[in-house]
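Not measured: the values here are computed from a predicted model. Numbering of residues begins at 1 and proceeds along the displayed sequence.
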Amino acid sequence: MYARLRLSELADRLRTAYEGFGRRDMDAVLSVMDPDIEWDATDALAHTGVYHGHEGVTEYIGSLSEAWTEFHLNPEQFTESGDGQHVMVLGNVQGRLAANGQDVEARFAHVLQLDDDGRVTRLKVCLDREAALREMPDSQTS
């Protein structure tokens, strides 16, 4: 197991990546991800699919950029699994649709799996907190 980061330090790194997501700052997003990451959005309401590696993540975010003129992820809660290998991120997303200019706000839930170096090897997009909890081993909120 990696020399685990404290959850607060890990949350700070992840928060920076989530902020980068909204700015389409791929360096910030990819900085926390393993080069072979699996991005599983099969359960998402839109922009579904499974994407692999940094190239796949870049492709996924590019598809969002085509549909949204603005897109911001605001993580609010980070919960670590008992084994320290997973983190559930809960928050809200705000954006404006490119097609009609409509403002949209919704909740999001992601489960991140970490490697021995603390990098994200898998991100699972979940429909809600309950679905995310089913993806998590025993967890503790911090």
Side-chain angles (χ1 to χ4, degrees), residues 1-26 28-54 56-142:
M1 185 135 114
Y2 67 93
R4 285 181 32 187
L5 300 171
R6 292 188 335 264
L7 182 56
S8 62
E9 183 181 342
L10 181 59
D12 288 344
R13 288 180 52 221
L14 293 173
R15 193 176 309 281
T16 298
Y18 275 92
E19 290 169 0
F21 193 103
R23 294 189 313 270
R24 292 151 179 94
D25 178 351
M26 292 310 301
V29 174
L30 298 176
S31 71
V32 299
M33 296 183 185
D34 183 84
D36 296 321
I37 185 170
E38 176 184 276
W39 186 293
D40 183 347
T42 54
D43 294 338
L45 292 175
H47 311 288
T48 61
V50 177
Y51 301 83
H52 296 279
H54 286 184
V57 172
T58 301
E59 176 187 338
Y60 179 79
I61 292 174
S63 74
L64 293 176
S65 298
E66 294 169 8
W68 301 84
T69 57
E70 292 180 32
F71 192 84
H72 304 282
L73 293 173
N74 306 302
E76 298 165 346
Q77 181 182 353
F78 296 86
T79 303
E80 184 177 35
S81 64
D83 67 4
Q85 296 292 309
H86 296 80
V87 174
M88 178 175 63
V89 183
L90 302 176
N92 73 59
V93 58
Q94 298 170 321
R96 179 168 293 130
L97 294 172
N100 60 13
Q102 179 182 356
D103 290 329
V104 175
E105 185 170 347
R107 303 290 304 159
F108 75 81
H110 295 156
V111 176
L112 314 176
Q113 185 172 343
L114 308 174
D115 68 9
D116 290 344
D117 296 321
R119 298 176 72 78
V120 180
T121 59
R122 183 172 189 269
L123 184 146
K124 173 69 174 166
V125 177
C126 300
L127 288 178
D128 54 31
R129 181 179 185 274
E130 289 71 31
L133 285 171
R134 288 191 294 274
E135 294 281 331
M136 286 281 287
D138 295 333
S139 59
Q140 60 187 37
T141 302
S142 296

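Shortest non-hydrogen contact noted between Arg119 and Leu30 is NH2-O, 3.8 Å. Taking all atoms of both residues into account, the shortest heavy-atom contact from Glu66 to Ala98 is O-CB, 3.8 Å. Nearest heavy atom pair, residue Val29 against residue Ala17, reads CG2-O, 3.6 Å. Minimum heavy-atom separation, Gly84 to Leu114: O-CD1, 3.9 Å. Closest approach of Asp83 and Pro137 over heavy atoms only: OD2-CG, 4.1 Å. The heavy-atom pair separating Val125 from Ala44 by the smallest distance is CG1-CB, 3.9 Å.
To the nearest 0.5 angstrom, Phe71 atom CZ is 14.5 Å from Arg23 atom CZ. Thr42 contributes atom OG1, which lies 10.5 Å from atom OH of Tyr51 (distance to the nearest 0.5 angstrom). Here the NZ-NE2 distance, from Lys124 to His86, works out to 12.5 Å after rounding to the nearest 0.5 Å.
Counting heavy atoms from C-beta outward, Leu112 and Leu14 have side chains that approach closer than 4.5 Å. Using a 4.5 Å heavy-atom cutoff, the side chains of Leu97 and Val104 are in contact. Within the 4.5 Å cutoff, no side-chain heavy atoms of His110 are placed close to those of Cys126. Residues Tyr18 and Asn74 are not in side-chain contact: their nearest non-hydrogen atoms beyond the backbone lie 4.5 Å or more apart. Between Val89 and Phe78 the shortest side-chain heavy-atom distance falls below 4.5 Å. Using a 4.5 Å heavy-atom cutoff, the side chains of Trp39 and Met33 are in contact. Put simply, the side chain of Asp12 does not reach to within 4.5 Å of the side chain of Thr16, judged on heavy atoms. In this structure, the side chains of Leu90 and Met88 come closer than 4.5 Å at one or more pairs of heavy atoms.
With hydrogens and angles ignored, the 3.5 Å screen pairs a side-chain donor or acceptor of Thr58 with a backbone N or O of His54.
Between Arg15 and Glu76 no salt bridge is recorded (no basic side-chain N to carboxylate O distance below 4.0 Å). Electrostatic pairing of Arg122 and Asp40 counts as a salt bridge here, judged by a charged N lying under 4.0 Å from a carboxylate O.
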- Message: Let's go through Glu105 and Asn92 carefully: what are the C-alpha distance in whole Å and the side-chain angles of both, what is the deciding distance for side-chain contact (heavy atoms from CB on, under 4.5 Å) to 0.1 Å, and is it a yes or a no?
- Response: CA-CA 7 Å; Glu105 185 170 347; Asn92 73 59; 4.2 Å; yes
- Can Phe108 and Leu73 be said to form a side-chain contact (heavy atoms from CB on, under 4.5 Å), step by step? CA-CA 8 Å; Phe108 75 81; Leu73 293 173; 3.8 Å; yes
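Across Val57, Val120, Thr121, Val50, a single residue satisfies side chain to side chain contact (heavy atoms under 4.5 Å, CB included) together with Glu38, and that is Val50. Remark: of the listed residues His72, Gln102, Glu70, Glu70 is the sole one forming a side-chain hydrogen bond (donor to acceptor under 3.5 Å, both in side chains) with Arg96.
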